[in-house]
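All values below come from the heavy atoms of this structure, side chains included, with hydrogens, waters and symmetry mates left out. Residue numbers start at 1 and run along the sequence shown.
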Amino acid sequence: MSILAIGQTTYSECPRRLDDNACNTKNTQSRRGDSMSKNKKTDTTPNSRRQFLRSVGVAGAVAGTGLSLGLGAKAMAAQAEDDEYDVIVVGSGFAGVTAARDSSLAGLKVLHLEASGRLGGRTFTSKFGHHDVDLGGTWIGWGQPHVWAEKMRYDVPVVESAAYSASHYVWFDENGARKEGTPDDFWSIMGPANDVFYGPARDAFPRPYDPLLVADDKNLDKMSAAAAIEALDVTAEQKSLLHAFAAINGHSFSDQSSYLDQLRWIALGGFSQSFMWDNLGRFRFEGGTQSLLTKIHEDSKAEFKRGQPVTRVEQNGDRVQVTTARKETFVGKKVILAVPLNVIHKIEFAPAISQTKTEVSRERHTGSGVKAYARIKGKQPLMFGQGTQKMPFTFLWTEYDDDDSQILVGFGASPELLDTADPDAVADALKQFLPDAEVLESASYNWNADPFALGTWCMYRPGVLTGALEELQRPEGHVYFATSDIANGWRGFIDGAIESGARAAELVTESLKNEKVTA
């Protein structure tokens with residue numbers, strides 16, 4: 001059995017710089033009891049940040065260390081002229097590439113900085129089992145307006161996940177007992193439970209892309225998803241299934257996420273369970289997310305620099321100075337900070353940004369679980385599986401169906417329940433759903449250890465949506481924020497990243513236009 005575990009135990013064998021074609025380390029390893037060739041284990045917690053940075057070729061990029069006291073306003077003005085940019089965009093996930101493209105096509109002089117050696121942010125296309133698989137963000141839907149518009153703009157083809165046609169369902173009841181049956185067998189239990197769980201959504205989000213339109217009179221935002229589920233009049237088995245579903249939505253245990261924030265998904269899915277799932281897990285880009293990402297990036301006229309982690313952002317008068325871990329400084333009129341919410345508090349700001357932004361960033365959103373692919377031998381029925389939230393894999397389904405093998409993708413609520421860098425652990429987790437499966441290899445990426453992500457997709461903790469969203473979106477002087485984590489619509493998805501990046505570019509372009517008129 002072999003494993004591709006980028007950013008985890010096998011990472012030391014990857015190229016020292018992550019290029020757009022992600023490294024494909026194969027560490028041949030048999031099942032327990034057979035001869036093994038194991039890599040030396042490395043610390044994959046966020047505390048191993050220096051080690052991770054060295055492995056991607058960005059040594060010394062420890063944010064917030066005060067590498068420079070910065071230039072004064074007069075010095076910044078002196079550096080202007082040829083070296084000054086209209087806009088400096090930080091980060092090259094979908095929010096960053098969209099912001100850089102849109103602002104540069106508007107005629108602005110744009111510098112685009114990326115901390116790592118690759119494009120993509122929390123999307124990451126790699127080769128596995130003869131397929132282009134996405135180790136990060138993957139699925140899109142035609143109910144997601146921003147990403148679907150870009151898909152049509154660049155004529156990027158999409159394909160369906162194999163599990164969309166699944167005939168074999170596996171699930172676990174409240175006691176952990178394994179059950180299996182047809183789609184109708186499963187949805188006759190899960191469908192009515194979802195109806196009750198999502199009952200308040202229409203009143204809470206009458207206009208889903210305007211999430212704060214209606215006051216939260218029932219304090220649903222202060223309630224955790226777990227507390228809401230326990231209060232529902234459903235069976236114990238249905239409650240267990242709902243806890244698992246809330247866990248994959250928040251990519252953490254159900255007591256970590258806001259009930260109100262959970263309700264957004266069904267609202268954005270047109271208050272339809274089937275259409276919500278069409279947007280959550282049905283369509284993916286042929287060739288992976290890089291197919292669209294590179295199209296957007298190639299359209300940009302921005303100057304692009306990789307390997308430039310930003311450590312400090314300093315505003316003086318009408319200029320902003322950006323300092324990177326390489327001790328280089330760049331000056332611009334505006335900055336679009338297109339980095340994940342969890343990373344913002346690692347950057348030093350002068351003057352300091354709001355306490356709300358810093359505290360929410362430091363506390364982190366809920367997304368902290370695991371995702372892994374596993375290739376199994378032979379031809380099997382297409383399957384969809386839902387476990388309990390305390391199982392290593394909470395969800396598992398067939399993603400690719402080949403002639404002699406299949407690739408399944410699994411999600412778990414916590415890395416404490418599954419070390420995806422351990423091929424035996426991944427195989428054991430999969431076998432809870434498919435006991436007779438022969439697992440050939442697995443693949444994963446440790447987003448929690450990646451210092452430029454510090455987590456997976458975003459769902460908010462109780463109180464953040466109504467108490468902090470507006471502040472998280474608010475520009476700070478000449479610094480604007482763009483990330484899927486603060487989108488109005490499909491927050492936590494590629495669509496939300498494009499929404500946020502496009503909005504930031506529009507705000508910056510309008511601001512500079514107005515400043516020019518009044519000058």
Side-chain angles (χ1 to χ4, degrees), residues 94 134 137-152 156-167 169 171 182-211 213-214 220 225 228 234 238 241-242 244-251 257 259-286 289 292 382-386 394-395 397-399 409 411 457-459 465 484 487-499:
F94 272 94
D134 285 305
T138 307
W139 295 276
I140 68 166
W142 57 265
Q144 298 178 333
H146 302 90
V147 68
W148 204 263
E150 298 289 352
K151 169 249 181 299
M152 296 179 68
V156 180
V158 297
V159 292
E160 291 186 354
S161 295
Y164 181 71
S165 302
S167 60
Y169 272 58
W171 67 97
T182 66
D184 287 342
D185 293 332
F186 174 77
W187 287 110
S188 67
I189 302 170
M190 188 65 188
N194 275 343
D195 284 340
V196 178
F197 178 71
Y198 284 125
R202 192 175 292 275
D203 289 336
F205 297 107
R207 292 210 307 248
Y209 289 89
D210 192 352
L213 177 68
V214 175
L220 301 179
V234 296
Q238 288 174 318
L241 292 172
L242 287 173
F245 188 50
I248 191 177
N249 291 353
H251 216 195
S257 56
Y259 180 37
L260 183 66
D261 213 24
Q262 292 269 346
L263 297 178
R264 285 186 315 108
W265 285 24
I266 192 76
L268 291 163
F271 305 100
S272 162
Q273 290 188 44
S274 61
F275 188 51
M276 177 181 69
W277 270 106
D278 280 355
N279 290 278
L280 298 182
R282 180 175 178 179
F283 301 103
R284 50 181 161 78
F285 290 112
E286 184 178 306
T289 53
L292 177 62
L382 302 180
M383 69 85 63
F384 176 91
Q386 181 170 332
T394 303
F395 275 74
W397 65 73
T398 311
E399 187 62 29
V409 62
F411 297 87
W457 64 81
C458 174
M459 183 166 278
L465 175 57
S484 174
N488 280 325
W490 286 97
R491 178 163 32 79
F493 292 80
I494 294 170
D495 188 78
I498 295 173
E499 172 207 318

Main-chain N/O of Ile494 paired with Ser484 side-chain donor or acceptor, under 3.5 Å: no

Which atom of Asn279 lies closest to which atom of Gly143, heavy atoms considered: OD1-N, 2.9 Å

Close side-chain approach of Leu292 and Phe94, heavy atoms under 4.5 Å: yes

Side chain to side chain, Leu220 and Leu263, heavy atoms closer than 4.5 Å: yes

Nearest heavy-atom neighbours spanning Gln262 and Ala225: CG-CB, 3.9 Å

Ring centres under 6.0 angstrom apart (Phe197, Tyr259): yes

Check: Phe411 ring centre within less than 6.0 Å of Trp397 ring centre: yes

Test item: Val158 and Trp148 side chains (from C-beta on) under 4.5 Å apart, heavy atoms: yes

Closest approach of Phe285 to Thr289 (non-hydrogen atoms, all atoms of both residues): CD1-CA, 4.0 Å

Side-chain heavy-atom pair Arg491, Asp261 within 4.5 angstrom cut-off: yes

Any Phe245 side-chain heavy atom under 4.5 Å of Phe395 side chain: yes

Polar side chain donor-acceptor pair, Asn194 to Gln273, under 3.5 angstrom: yes

Test item: Gln386 side-chain N/O and Thr394 main-chain N/O as donor-acceptor pair under 3.5 Å: no

Approximate separation, where rounding is to 0.5 Å, of Asn249 CG and Trp457 CH2: 8.5 Å

Arg284 (side chain) donor-acceptor with Ile140 (main chain) under 3.5 angstrom: no

Heavy-atom donor-acceptor pair, Thr398 side chain to Met383 backbone, under 3.5 Å: yes

Value rounded to 0.5 Å, distance of CH2 in Trp171 from CG in Asp185: 5.0 Å

For the student: nearest non-hydrogen atoms of Asp495 and His146, plus distance: OD1-N, 2.7 Å

Validation row: Gln144, Phe493 side chains within 4.5 angstrom (heavy atoms): yes

Plane angle bin for Phe186 and Tyr169 - parallel if under 30°, tilted between 30 and 60°, otherwise perpendicular: tilted

More than 12 heavy atoms from other groups under 6.0 Å of CH2 on Trp142: no

Distance-minimising heavy-atom pair for Phe283 and Gly141: CD1-CA, 4.3 Å

With Glu286 via side chain to side chain donor-acceptor pair (under 3.5 Å) - residues at least two apart: none

Flag side-chain contact, heavy atom, 4.5 Å: Pro145 against Tyr209: yes

Ser161 side chain reached by Arg282 side chain, heavy atoms, under 4.5 Å: no

